There are 2 protein chains.
Amino acid sequence: MRKRKGAGRPTISDVAEKAGVSTITVSRALRDPSKVSDHLRRKIDNAVKKLNYVPHSHASALASTRSNIIGVIVPSLTNNVFADTLRAIYDAFDQGAYQVQLGNSRYVAKEEERLVRTFLGQGPSAMIIAGTDQTDVTRELLENAPCPVVQIMEIGDDPIDMMVGFSHFEGGRAAGMHLVQKGYKRIGFLGARMDPRSHRRMEGFKEAMRSGGRYDPDLIMTTTTSSSVTLGAELIGQLRARRPDLDAVFCNNDDLALGALFGCQKAGISVPDDMGIIGFNDLEMMAASYPSLTSIRTDRYAIGKHAVAMIQSALEGEMPDQKIIDVGFELQQRESTSRKR
Amino acid sequence: MRKRKGAGRPTISDVAEKAGVSTITVSRALRDPSKVSDHLRRKIDNAVKKLNYVPHSHASALASTRSNIIGVIVPSLTNNVFADTLRAIYDAFDQGAYQVQLGNSRYVAKEEERLVRTFLGQGPSAMIIAGTDQTDVTRELLENAPCPVVQIMEIGDDPIDMMVGFSHFEGGRAAGMHLVQKGYKRIGFLGARMDPRSHRRMEGFKEAMRSGGRYDPDLIMTTTTSSSVTLGAELIGQLRARRPDLDAVFCNNDDLALGALFGCQKAGISVPDDMGIIGFNDLEMMAASYPSLTSIRTDRYAIGKHAVAMIQSALEGEMPDQKIIDVGFELQQRESTSRKR
DNA sequence: TTGTATGCGTTATCAA
DNA sequence: TTGATAACGCATACAA
């Protein structure tokens, strides 16, 4: 007697037996109820409940070469921006039949490629990946993937499949234009990490400077060091050392902006009168600081929600309303750029 | 000819054929190389490389009733504290043969229970779960789980299996004692969310107040609202309205502390002379703010690293050095509590 | 140390 | 609409 016993939990054949049908009928009833007659469906549903049957996802994945995994790849786990989007994704999927599988690429393209390979190897139901700067190989892997793919956080002309986000170029431009309009003259840029999205924000900023007649490359200060509040204070200190006439900065992100504010306060520079500051993303703290900080508000939670909605409709075979969703952004003007002229 | 084709990728029998051995030998060579002779092992390794063979995790899970999943359950995705620990966990597992599966319980015990059920249903290799306040059912499920279980973030007397963290009670006590020692007299407590760990920090604080002769329940202000910088400013405003003589606060966490600082600045109250402020966790911004903020430093990354190390040694059958690891905490005194007496 | 025969729980295929 | 049967890819039990 060499019966191997599994985890001991009820299987699909237990359900089939109890309902007096075959296993395949149970399988069908569970995956597409419309393929089974009402009569049997009711019997099966009852049996499922009575036995407290839970489908075995590994067996299902093996037999169908398709798993219930939703692969999600982001470049950072600690960046609040992605955390908000992840929360939306988890909120949307946690109740359903799908399992979110998260990967952290650490802003390294090769890592991202490895993760895509790993996830694709599991036959995921869908993939969500941050940004549009995949390597050629990654791109090809995803283009050939037999599942919906959503690129999130930003938008572009050439989606792998679907996209949700906003234009970082335009966001950067709006920030720059705001400083020009407020009458600041020597407007700097502080940038940390300088990943592709940061670059595009910077390009948008430069464009605004040019069109406003304020472009001065000497006022741009960037580093590939990862962003932090401390770094913001350091960078503004360095830029002021180089250019004491600096009177405003657009910061790559809100951490830097808060740091720049602290740096100014420490140096006795009045914000917004002697220095205008604008950040990016509008994290919660921006409205609470003193003085409050102007920022470009982005709706990261909405990005996650849209991504899931797109996937779900694709999985249900519907053509999505649009392949590219622009959630936009919104300037939140606050005290840090509201100087009395 | 009713051959079903899989994903088309090489299987273990392709490897076996190429290496001229049986499939089980390949299987063994991959899982425990010491069980196979050097000679065959080399042949197998070569075949694996040539074919670019990747084990099929679902098939493996099905056959062994054990998956390579590491289940991780945290109460929040956006709280930096957990983000740091998650990053450590992902850093440690990303390269290896394990897949991290993340769940967000949203601080809801029933959600946590549901997630534990879901994960356990997958036959995980290990479980990591935040805190020590599981429901009785959750606890029993985990106690009977046929895999290592690590509770993280805090420690206690009665681990389900293993634990890594520190005493929040002692952390709160240290914060309170610091304020007493600095000569503050009417010392308040600001608490948001008030999850179990927050409660224990508060109890530690109370203990410090009692032993310092400064206990005054009227100075304690808590809310179950989730923490934010904005909330910190609001809470200190409310507490000052009730008790204008308040001269120091211990904040539940750093967001609140930063908010309290902003609230004081807005109200024209000097920190630290008229108001001492101490936070908890010592997020990066605390050292950068102006004035810099005192906090209790905790090493969240180390917690994640230790948790993974404990799991790995348990998985390798070793008895871990200790079932409970206390990573401790450290008072970081800064300007916000450094008043001139 | 290595191999043979099965079984893991589900779904694709084909037939009724 | 339903069912019988053979995969899916790997690991366990047992034998050699």
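These figures come from a predicted structure and were not determined experimentally. Labels below follow one simple rule: chain letters A, B, ... track the order of the sequence lines, proteins then strands, and each chain is numbered from 1.
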Can you check whether A:V48 reaches A:L30 side chain to side chain, under 4.5 Å on heavy atoms?
->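 Yes; the side chains approach each other to less than 4.5 Å.
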Nearest-nucleotide pick for A:S60, side chain only, options being D:dT12, D:dC10, C:dT11 |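 Looking only at side-chain atoms, A:S60 lies closest to C:dT11.
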Which whole-number value in Å describes the distance from [X] [atom1] to [N] [atom2]?
{"X": "B:I12", "N": "C:dC8", "atom1": "CD1", "atom2": "C1'", "result": "15 Å"}
{"X": "B:R31", "N": "D:dG9", "atom1": "CZ", "atom2": "P", "result": "17 Å"}
{"X": "B:Q122", "N": "C:dC8", "atom1": "CD", "atom2": "C1'", "result": "16 Å"}
{"X": "A:L51", "N": "C:dG9", "atom1": "CG", "atom2": "P", "result": "14 Å"}
{"X": "A:Y53", "N": "C:dT10", "atom1": "OH", "atom2": "C1'", "result": "7 Å"}
{"X": "A:H58", "N": "C:dG9", "atom1": "NE2", "atom2": "C1'", "result": "11 Å"}
{"X": "A:R66", "N": "D:dG9", "atom1": "CZ", "atom2": "C1'", "result": "17 Å"}
{"X": "B:L30", "N": "C:dT2", "atom1": "CG", "atom2": "P", "result": "14 Å"}

Below 4.0 Å: OP1/OP2 of [N] and any side-chain N or O of [X]:
{"X": "B:R41", "N": "C:dT2", "value": "no"}
{"X": "B:S27", "N": "D:dC10", "value": "no"}
{"X": "A:R9", "N": "C:dC8", "value": "no"}

Salt bridge or not for A:D38 and A:R41, using N-O below 4.0 Å?
->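 Yes, A:D38 and A:R41 are salt-bridged.
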With sequence neighbours left out, write down each residue that passes side-chain contact (heavy atoms from CB on, under 4.5 Å) with [X], or none if nothing qualifies.
{"X": "A:A59", "value": "A:H56, B:L62"}
{"X": "B:A88", "value": "B:Y301"}
{"X": "B:T135", "value": "B:A109, B:E113, B:V137, B:T138"}

Pick base, sugar-phosphate or nothing for B:R28, based on heavy-atom distances below 4.0 Å to the nucleic acid.
->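 The answer is base, as B:R28 lies within the cut-off (heavy atoms under 4.0 Å) of a base atom.
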For DNA chain D, what residues of residues 14-24 of chain B have any heavy atom nearer than 4.0 Å?
->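 By residue number: B:I24.
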Does A:F166 have any ring pair (Phe, Tyr, Trp, His ring centres under 6.0 Å) partners at least two apart in sequence or in another chain, and if so, which?
->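 Partners of A:F166 under the ring pair (Phe, Tyr, Trp, His ring centres under 6.0 Å) test: A:H168.
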Output all residues satisfying ring pair (Phe, Tyr, Trp, His ring centres under 6.0 Å) with B:F93, sequence neighbours left out; order by chain, then residue number.
->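 Applying ring pair (Phe, Tyr, Trp, His ring centres under 6.0 Å) to B:F93 gives B:Y98.
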When you match A:T25 and B:V54 each to their closest nucleotide on DNA chain D, which lands nearer the 5' end?
->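 Closest to the 5' end, via its nearest nucleotide, is A:T25.
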Where along residues 33-40 of chain B does a heavy atom come under 4.0 Å from DNA chain C, residue by residue in number order?
->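 Within this stretch, B:V36, B:S37, B:L40 sit under 4.0 Å of the strand.
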Kindly write out the residues that satisfy side-chain hydrogen bond (donor to acceptor under 3.5 Å, both in side chains) with A:T25, not counting sequence neighbours, or none if the list is empty.
->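 With sequence neighbours excluded, A:T25 shows a side-chain hydrogen bond (donor to acceptor under 3.5 Å, both in side chains) to A:S22, given in chain and number order.
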Residue pairs fulfilling side chain to side chain donor-acceptor pair (under 3.5 Å) with at least one residue in residues 80-89 of chain B, sequence neighbours excluded |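 Matches after skipping sequence neighbours: B:D84-B:R300.
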